[in-house]
Enquirer: 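Supplied in structure tokens, the structure appears directly below.
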Amino acid sequence: MKPTQESIARATFVVFLANFSSRFLGFVREVLIAHLFGARAITDSYLVAQILPATIAGLIGGALTTVFIPLFVEERQIKGEEKAWEGAGAVLGASVVYLLCALGGAYLVSPYFLRLVAPGFSGERFALALSMSSIMLPSLFFLGMLGIFTGIAQSYRVFTLPALAGLLHNVCLIAFLAFARRYPAMSLSLGNLLGAFLQFLILALFLRRLWPGQQIRLSFSHPLLRKVWTLMIPIFLGTGVGYLNLIVDRIFASLLPVGTIAALNFAVRVKEIPTRLFAVAISQSIYPTVSSYVAEKKMEPLRNLFSRSLETLWLFVLPASVGLFLLSRETVCFLFERGAFDQQATITTSQALSFYLLGLPATASLDVVGRMFYAFQDTQTPVKVSVMGLVLNIVLNVLFVRRLAHQGLALATSLSATFMFLVLLEILRRRMGGIEGKMLLKNLGKILLACGGMGMVVLLFRPLSVHPLGYLGTVGAGAGSYALFVLLLRPRSGERIREAVGNWWRRMFQRLLRQTNKRGLE
């Protein structure tokens, strides 16, 4: 394994572990919310109240993270550390101003925005959503600044701290839910706000150590800032399209029975487990290296890295999709069905989950494909394709929601994500002069065969999964059989992982042997 590939593999593994810890706590949070409130009015109100602060923070913070990494890396390579940090100070200063203005505007438009995204809300549900939104709105400033902090950290290939900072958000919300359950609206809102603040604080302190003696600058004419905003506008629009998709789904869901928004949210949380664990880890880890390859015009290693990354992602996401699809109801029951989350909520959530899973491989792959375009500093193509996906999603929502209700919303999301992935992949293939397509398809076939074998094992054990221990046993049998089929079929990505694990074990053994010999000599 080349040193670059080995460092990427290490970074991916570190981000995976950090994300796994954060996801685990996130799931504890979701289970606690399901237990205390179920798929009911307060959960619907909380999810709607989150939309405005999350949308503004995601638009600014997410776009800043994506744009800033390749530009900051390029600035350091060409002009040196001091000039790069000078530009970073200008970007931070402008971000503070824009986020504070956005926060003031958000308070003004909040009532009208909630009417728009939840037309089916009235009375208590609307009043609850409005009060919770007012408490959570300041989080948009902290989360927006978190985007630029994360971009700087990742440009230095520091992945662990930003990923671990997400743990604090979940810890805060869990703590508030545990100790303030008598005041559900307050506990959900304040826990969310404090979690965002602590994430911001941890990375701000880290940045202060990484960047000693420097100051945030209010220099709106700085060349790096102009570059950032030029590239950021299309990403801003593209990210906005993603949030518009969410808003459109919430609008349709608000017109369905009470609890539908909550059920869709719980289904998305389950679907996001493999996406957040694997897609985020891989896309974040390769992004600095991809940006360097593009800057140095190294197309051959770029094609190879992209192909291997996509295949590695599929190695994990495809079996997760198959397993969750076959055990959708059992999974929802195992995770959520207790307390206020009753059997009807399990049925509604698992129905939505099954249709969301149809688009899971495409949704996860969009993370990796999108980063490739951003490394080329092409922020316009993903926006155009996202707009097409949004239009398709709205049309499919209208067509499906009458017959399939909430299941139709999930199916429309899956189909539009698959459409966007295929279009972007074809554009990228032409731009890069290939993506090692034959090798990619060959190994995809092996992964699909392994998934098929695993599926038969899961179906065999499925009757046992009505009980918690039986469910865990079924999941274990499925995972074990899949690992066995991968070892037999030997897809390229599986070989690389086995080689990386073998190298790690050899290094650990050699280190232990050296320590033992050293003690013997003493």
Enquirer: Which residues satisfy the side-chain contact (heavy atoms from CB on, under 4.5 Å) test with Ser416, sequence neighbours excluded?
Expert: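 By the side-chain contact (heavy atoms from CB on, under 4.5 Å) rule, Ser416 matches Leu392, Asn393.
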Enquirer: Are the side chain of Thr413 and the backbone N or O of Leu409 linked by a donor-acceptor pair below 3.5 Å?
Expert: yes
Enquirer: Would you indicate whether the side-chain heavy atoms of Leu143 and Gln199 approach each other to under 4.5 Å?
Expert: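 Gln199 vs Leu143: side chains touch.
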Enquirer: Which heavy atom of Ala279 sits nearest a heavy atom of Ala364, and at what distance?
Expert: CB-O, 3.4 Å
Enquirer: Mind checking the CD1-CG spacing from Ile435 to Leu441? Nearest 0.5 Å is all I need.
Expert: 8.0 Å
Enquirer: Is there side-chain contact between Phe485 and Leu449, with at least one heavy-atom pair below 4.5 Å?
Expert: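 Of all side-chain heavy-atom pairs linking Leu449 with Phe485, none is under 4.5 Å.
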Enquirer: Are side-chain heavy atoms of Phe336 and Thr346 found at a separation under 4.5 Å?
Expert: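 Sidechains of Thr346 and Phe336: no contact.
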Enquirer: Quick one: do the Glu311 and Ser307 side chains pair a donor with an acceptor below 3.5 Å?
Expert: no
Enquirer: How many angstroms lie between CG in Leu305 and OH in Tyr293, if you round to the nearest 0.5 Å?
Expert: 6.0 Å
Enquirer: Within the supplied structure, the quantity of interest is the number of heavy atoms (other residues, nucleotides, ligands) at a distance under 6.0 Å from Phe325 CZ; does it exceed 12?
Expert: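 Count not over threshold, so no.
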Enquirer: Less than 4.5 Å apart, side chain to side chain, heavy atoms only: is that true for Glu330 and Phe334?
Expert: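 No. Closest side-chain heavy atoms not under 4.5 Å.
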Enquirer: Given side chains that start at C-beta, do those of Leu324 and Ser328 come closer than 4.5 Å, heavy atoms only?
Expert: no
Enquirer: Could you tell me whether the side chain of Ser365 and the main chain of Pro361 form a donor-acceptor pair under 3.5 Å?
Expert: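 Yes; judged by distance alone, with no hydrogens or angles, the pair exists.
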Enquirer: Got Phe419 and Leu415 here, is their nearest side-chain heavy-atom distance under 4.5 Å?
Expert: no
Enquirer: What distance separates Met420 CE from Leu425 CG, expressed to the nearest 0.5 Å?
Expert: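 That separation rounds to 13.5 Å.
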Enquirer: Using the ring of each side chain (for Trp, its six-membered ring), is Phe200 parallel, tilted or perpendicular to Phe142, with breaks at 30° and 60°?
Expert: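 Tilted, since the angle between the ring planes falls between 30° and 60°.
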Enquirer: Evaluate the side-chain proximity of Phe278 to Leu315: yes if any heavy-atom separation is below 4.5 Å, no if none is.
Expert: no
Enquirer: Got a second to check how far Glu436's CD is from Phe306's CZ, nearest 0.5 Å?
Expert: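 Reported value, rounded in 0.5 Å steps: 10.5 Å.
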Enquirer: Is there a side-chain contact (heavy atoms from CB on, under 4.5 Å) between Lys438 and Lys442? Walk through the geometry before answering.
Expert: CA-CA 6 Å; Lys438 290 183 180 178; Lys442 175 184 174 182; over 6 Å; no
Enquirer: I'd like to know whether Met372 forms a side-chain contact (heavy atoms from CB on, under 4.5 Å) with Leu302, so could you lay out the CA-CA distance, the side-chain angles of the two residues, the decisive distance to 0.1 Å, and finally the verdict.
Expert: CA-CA 9 Å; Met372 297 298 292; Leu302 180 66; 3.6 Å; yes
Enquirer: Using distance alone, with no hydrogens and no angle criterion, decide if Thr363 and Tyr356 have a side-chain donor and acceptor under 3.5 Å apart.
Expert: no
Enquirer: Please check this pair: side chain of Ser350 against backbone of Ile347, looking for a donor-acceptor N/O pair closer than 3.5 Å.
Expert: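 Yes, Ser350 side chain to Ile347 backbone: donor-acceptor pair under 3.5 Å.
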Enquirer: For residues Ile427 and Val385, determine if any side-chain heavy atom of one lies less than 4.5 Å from a side-chain heavy atom of the other.
Expert: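 Counting from C-beta outward, Ile427 and Val385 do come under 4.5 Å.
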Enquirer: Which pair of heavy atoms, one from Lys271 and one from Thr275, lies closest together, and at what distance?
Expert: O-OG1, 3.7 Å
Enquirer: Using modelled atom types only, decide if a donor and an acceptor are shared between the side chain of Thr418 and the backbone of Ala362 within a distance under 3.5 Å.
Expert: no
Enquirer: Hey, could you give me the CG/CE distance between Leu459 and Met454, rounded to the nearest 0.5 Å?
Expert: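 Nearest 0.5 Å value for the CG-CE distance: 9.0 Å.
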Enquirer: Taking all heavy atoms of Leu424 and all of Pro382, pick out the closest pair and write down the distance.
Expert: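 Heavy atoms only, the tightest pair is CD2-CA, 4.0 Å.
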Enquirer: Tell me, yes or no, whether the heavy-atom count around Met439 atom CE, taken from other residues, nucleotides or ligands under 6.0 Å, exceeds 12.
Expert: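 Not buried by this count: 12 neighbours or fewer within 6.0 Å.
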